[in-house]
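Below: the structure, in structure tokens.
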Amino acid sequence: MRELVWKIGGEQGTGLDSTSDVFATVCNRLGYYIYAYKTFSSRIKGGHTNFTVRVSTRRVLATAEGVHVLVAMDQEAIDRLAKELVPGGLLIADSNFQPKAPEGVQMVTVPMTEIARDLLNPVYRNIVAIGASAALLGLPLQAFKDYLAEKFAAKGEQVVQGNWTALERGYSYALEQAADKAFQLDPGDGQRRLIMTGNDAIALGAVAAGCRLVVAYPITPASEILETCARILPKFGGAAVQVEDELAAVATCIGAGFAGARAMTATAGPGISLMQENIGLASMAEIPVVIVDVQRGGPSTGMPTKHEQSDLLALAYGGHGEGPRIVLAPGTAEQAFYDTVLAFNLADNYHCPVIIASDLGLGLWQQTVDNLDFDQVVIDRGPLVDPKELEAMGRDVFQRYAFTESGVSPRSLPGMKYGQYLATGVEHATDGKVKEDPVNRTRMMQKRLKKIKKLEIGGQPVPGILYEGPERPEILLISYGSTFGVVAEAAELLREQGHRVATLQVRVIRPLPVEELRAAIAAAEKTFVVENNATGQLAFIMRAEGVEHPVESILKYDGTLFRPNEVVAAVLESYKGVPA
Amino acid sequence: MASLAEFKTAEKSWWCPGCGDFGVLAALQKALVELGIEPENVVIVAGIGCSGRIGNYIYSYNFHTTHGRTMPVALGVKLANRNLTVIAAGGDGDGYAIGMGHFLHAIRRNPDITYIVMDNHIYGLTKGQTSPTSDPGFKTKTTPEGNLERPVRPLQLAIAAGATFVAQGFSSNQKQLVRIFKEAIAHKGFALVNTISPCVTFNRVNTYDFYREVLVDLDNDPNYDPTDRVAAMQKLMETDELVTGIIYREPESIPFEEKLPGFRPEPIVSQDWNLPREEFERLLARFR
């Protein structure tokens, strides 16, 4: 088999997250492509939680359609999740709770708790479950042993041996019970790829891009970015600082940007709402700053642990007044890494806020990344004045907000002699001093807004879209963010049914790549915009920005990501009654 | 060394004639000159309000922020470049109303920043509304029957929050104010200087004459020990904060930026940000 889906369910706070992490990491090391995700809620102990790992011989970036092996640690997991099992799927349950399986479900009971108790350590229960899973999925036990040895090396030989014994006993018990029912996954290619979340990728991208200050306020699902940076940045002379609220978080980053450092904050919807006034300040005073929004269900507190893409309008146009801002939308962890590097270069080149529109699906779910190429990381500081030229000018000559053809004016940094200026959120003249007359106001508005009409770095245009498929498709599927992976897979499924399908990922939300979108939609017979929100925000932005061609929205806003088949069904539904 | 003239700008002042902020500006410029700090190494982070205009009149790097956000912006400047002299300046509304949250957390954090609050007990720029330091019963446009709330006591709050330097100046006592500013700027850590800066247009109660009469000058008390936190609190309660001088200072204060793990003496802005390839690969190894 080319692909298998493994799922484990039980009570929150019982170590299932690290169990899932072990399983996903080992499969990744075997050379499979992984997509791993969970269902969780805003509580620490208690309540149901479950983790799903898609293990495939090709790249997968979407929620699974069905489960092959389900590990249930309590009856609730069976009651909730058994219906997801594919025909022939296997339920592995801890015999401890006397599991009852629904009719027609093949169950293998394994005395997980008993074995763990026997080994005098209750946490081994989850390792027994992994051993049993490896047996029934046809995965080599040695890879798990190697990983556990490495993971627990620091805890000593005894802990490693204990884990191994638990693993082996689970493995052999499951084989004894159900060797005939076991699946056999095609072997992985053995390539040791990366496995990471979008949040991991953004933290790595920031450090690689020269960001040395990450300032944030904890919030689901963005906190991992601050946490990862708190671990990494001190090694490189930087700091991650948890501040009192999101107002302080973005304001601190803006202060650091003014002084010449690369700083970033990361938040979710509620934080974005609080940051809007200061994002406007960075637009107005022309200060580089990078802001990450890992979108979750809104409005208000909404659904903190559930996926949504409903901040798009707030990111592109939020806050009062009209100022420049750039909004990038990575769809994979790999793109998130490179987009973060790009975000810092854009901020330094365009002197404005750059927002990375991530989402919970991208931010939290683990995925396999082929590689991250160090050679593609270039730090481009953008237009800075030469301190020697400044000194030669003498005082009161330098004009920080000079009118230029591109709208971008070279900036000075504190410490440079005769580069002194006033940065202010008030409308100002070219020297930064307050000036509100109509002629100056109009010119300054135009100066700031024209900066981001077209994005370039090092003379190269920044691609606004990623297009894949035939030039004149029957069906065009438009996505952004983590919906990218779903749409790619849905397109495959539609192609298998004989449809001519292309996909278009919008990579930059602002400035929207209007011309590219127009051309692509005009060439397609029918276009669908696939988004996780209720009102079709990307489709709205497209219309507002002048993409006048009709499109159909496929929307989902129940807190979960699309499954590829849902997109396929929605596309086919729209064709009902119309000959394909 | 820079002269006083080098700290001045040609900008014509927007403040009303007689405004207390003139005295604050003059004392700050003088303090900077006497400390031998070069104008390009000074960053003034100002809030919104009449006092927030101060950056227009000093030839330093100036950042006029959003209302209430001087504290985090100043923190960002200091973290980016710890060689700079960072001074936050704003009014009582900016610092103790809309910015109160940041004020207390800045104190807890203790970055090497000087915070000058020009306190006039009134909102001046919006033309006369009650402020968090307004006295009870004080009649303004928004409290025509008199202010119903108790005033904020910023100096006591600061000490309670763990401040390492707390002082109060009076804009017409230049000699003392220059000395306070110099000591505040030299202090290693967060220094609060609440500065009484009368509004001559909208506050006819808390006038220069009023303050000249009631203010207790700690400089006249040779027995006062500003390193005694309990005595400082007691003095503030006794005088209802109508007192000037250095009220409290902690000689062993270590600024926030020096406590950060791995934070280098060399400012972030001057470091080479390119990661060595092997460091990058080491970071990736965790994800394999």
Side-chain angles (χ1 to χ4, degrees), chain A residues 29 192-196 200 204 207-208 210 212-213 215 232-239 241 243-245 247-249 251-263 277-278 281 285 369 372 374 377 379 395-396 413-426 432-434, chain B residues 6 9-11 14 38-43 45-46 48 53 55-56 59-81 83-84 101-102 104-105 109 256-257 260-264 266-269 271 273-275 277 279-281 283-284 287-288:
Chain A
R29 285 183 171 195
R192 189 95 167 243
R193 299 182 185 87
L194 302 162
I195 179 167
M196 60 174 63
D200 293 329
L204 284 175
V207 176
R212 291 293 173 270
L213 280 172
V215 186
I232 296 175
L233 279 177
K235 290 180 195 145
F236 302 106
V241 183
V243 289
E244 58 271 21
D245 55 32
L247 301 164
T252 305
C253 291
I254 293 168
F258 168 78
R262 287 188 156 187
E277 186 190 12
N278 285 306
L281 170 67
V369 173
L372 296 177
F374 182 69
V377 177
I379 296 176
R395 69 168 280 182
D396 296 325
L413 302 179
M416 293 181 181
K417 194 171 184 176
Y418 299 141
Q420 285 99 314
Y421 70 99
L422 174 71
T424 174
V426 183
K433 296 288 165 63
V434 173
Chain B
E6 282 171 71
T9 67
E11 185 94 348
W14 286 38
E38 297 301 325
E40 65 270 19
N41 292 328
V42 177
V43 175
V45 179
I48 298 293
R53 299 273 177 184
N56 291 49
Y59 187 63
S60 57
Y61 279 87
N62 286 288
F63 196 161
H64 185 217
T65 69
T66 42
H67 200 19
R69 313 301 159 211
T70 57
M71 295 290 94
V73 171
L75 174 68
V77 173
K78 191 70 191 180
L79 292 176
N81 187 348
N83 288 351
L84 298 169
H102 303 311
L104 291 174
H105 291 286
R109 205 169 279 132
F256 177 70
E257 57 276 14
L260 285 167
F263 213 65
R264 298 171 187 167
E266 188 190 10
I268 282 177
V269 290
Q271 293 169 17
W273 299 339
N274 291 288
L275 287 188
R277 183 182 296 269
E279 290 290 352
F280 180 73
E281 293 303 335
L283 288 174
L284 290 192
F287 298 97
R288 285 188 202 278

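Naming: A, B, ... by sequence-line order, numbering from 1 per chain. All values derive from a computational prediction rather than experimental measurement.
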* Indicate the ring-plane relationship of A:Phe258 and B:Tyr61, choosing parallel, tilted or perpendicular according to the 30° and 60° boundaries. => perpendicular

So, [X] side chain and [Y] main chain: donor-acceptor pair closer than 3.5 Å or not?
X        : Y        : result
A:Thr424 : B:Thr65  : no
B:Asn62  : B:Gly55  : yes
A:Arg262 : A:Gly257 : no
A:Asp245 : A:Ala248 : yes
B:Arg53  : B:Trp14  : no
A:Arg395 : A:Tyr418 : no

* **Pair B:Tyr59 + A:Tyr421: ring centers closer than 6.0 Å** =>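 Between A:Tyr421 and B:Tyr59, which both carry aromatic rings, the centre distance is not below 6.0 Å.
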
Side chain / backbone / both / neither for [X] at chain B, heavy atoms under 4.5 Å:
X        : answer
A:Ala208 : both
A:Val369 : neither
A:Phe374 : both
A:Lys417 : both
A:Leu413 : backbone

Just give me the residue among [options] that pairs up with chain A most often, heavy atom to heavy atom, under 4.5 Å.
options                            : answer
B:Gly101, B:Ala80, B:Ala46         : B:Ala80
B:Arg109, B:Glu6, B:His67, B:Lys78 : B:Arg109
B:His102, B:Met71, B:Arg69         : B:His102
B:Ile48, B:Thr66, B:Asn56, B:Leu79 : B:Thr66
B:Ala74, B:Pro261, B:Gly68         : B:Pro261

Under a 4.5 Å cut-off applied to non-hydrogen side-chain atoms, are [X] and [Y] in contact?
X        : Y        : value
B:Asn274 : B:Phe280 : no
B:Leu284 : A:Leu204 : yes
B:Asn81  : B:Ile268 : no
B:Phe263 : A:Pro234 : no
B:Leu84  : B:Val77  : yes

Which of [options] touches chain B most, by non-hydrogen pairs under 4.5 Å:
options                                : result
A:Ile232, A:Asp200, A:Val215, A:Val426 : A:Asp200
A:Lys433, A:Arg29, A:Glu244, A:Glu277  : A:Glu244
A:Val377, A:Ile254, A:Leu247           : A:Leu247
A:Ala249, A:Ala251, A:Ala261, A:Gly260 : A:Ala251
A:Gly432, A:Ala256, A:Ala423           : A:Ala423
A:Ala285, A:Ala239, A:Cys253           : A:Ala239

With a 4.5 angstrom heavy-atom cut-off, could you sort out which part of [X] is near chain A: side chain, backbone, both or neither?
X        : value
B:Leu260 : side chain
B:Pro267 : neither
B:Ser60  : backbone
B:Glu38  : neither
B:Val43  : side chain

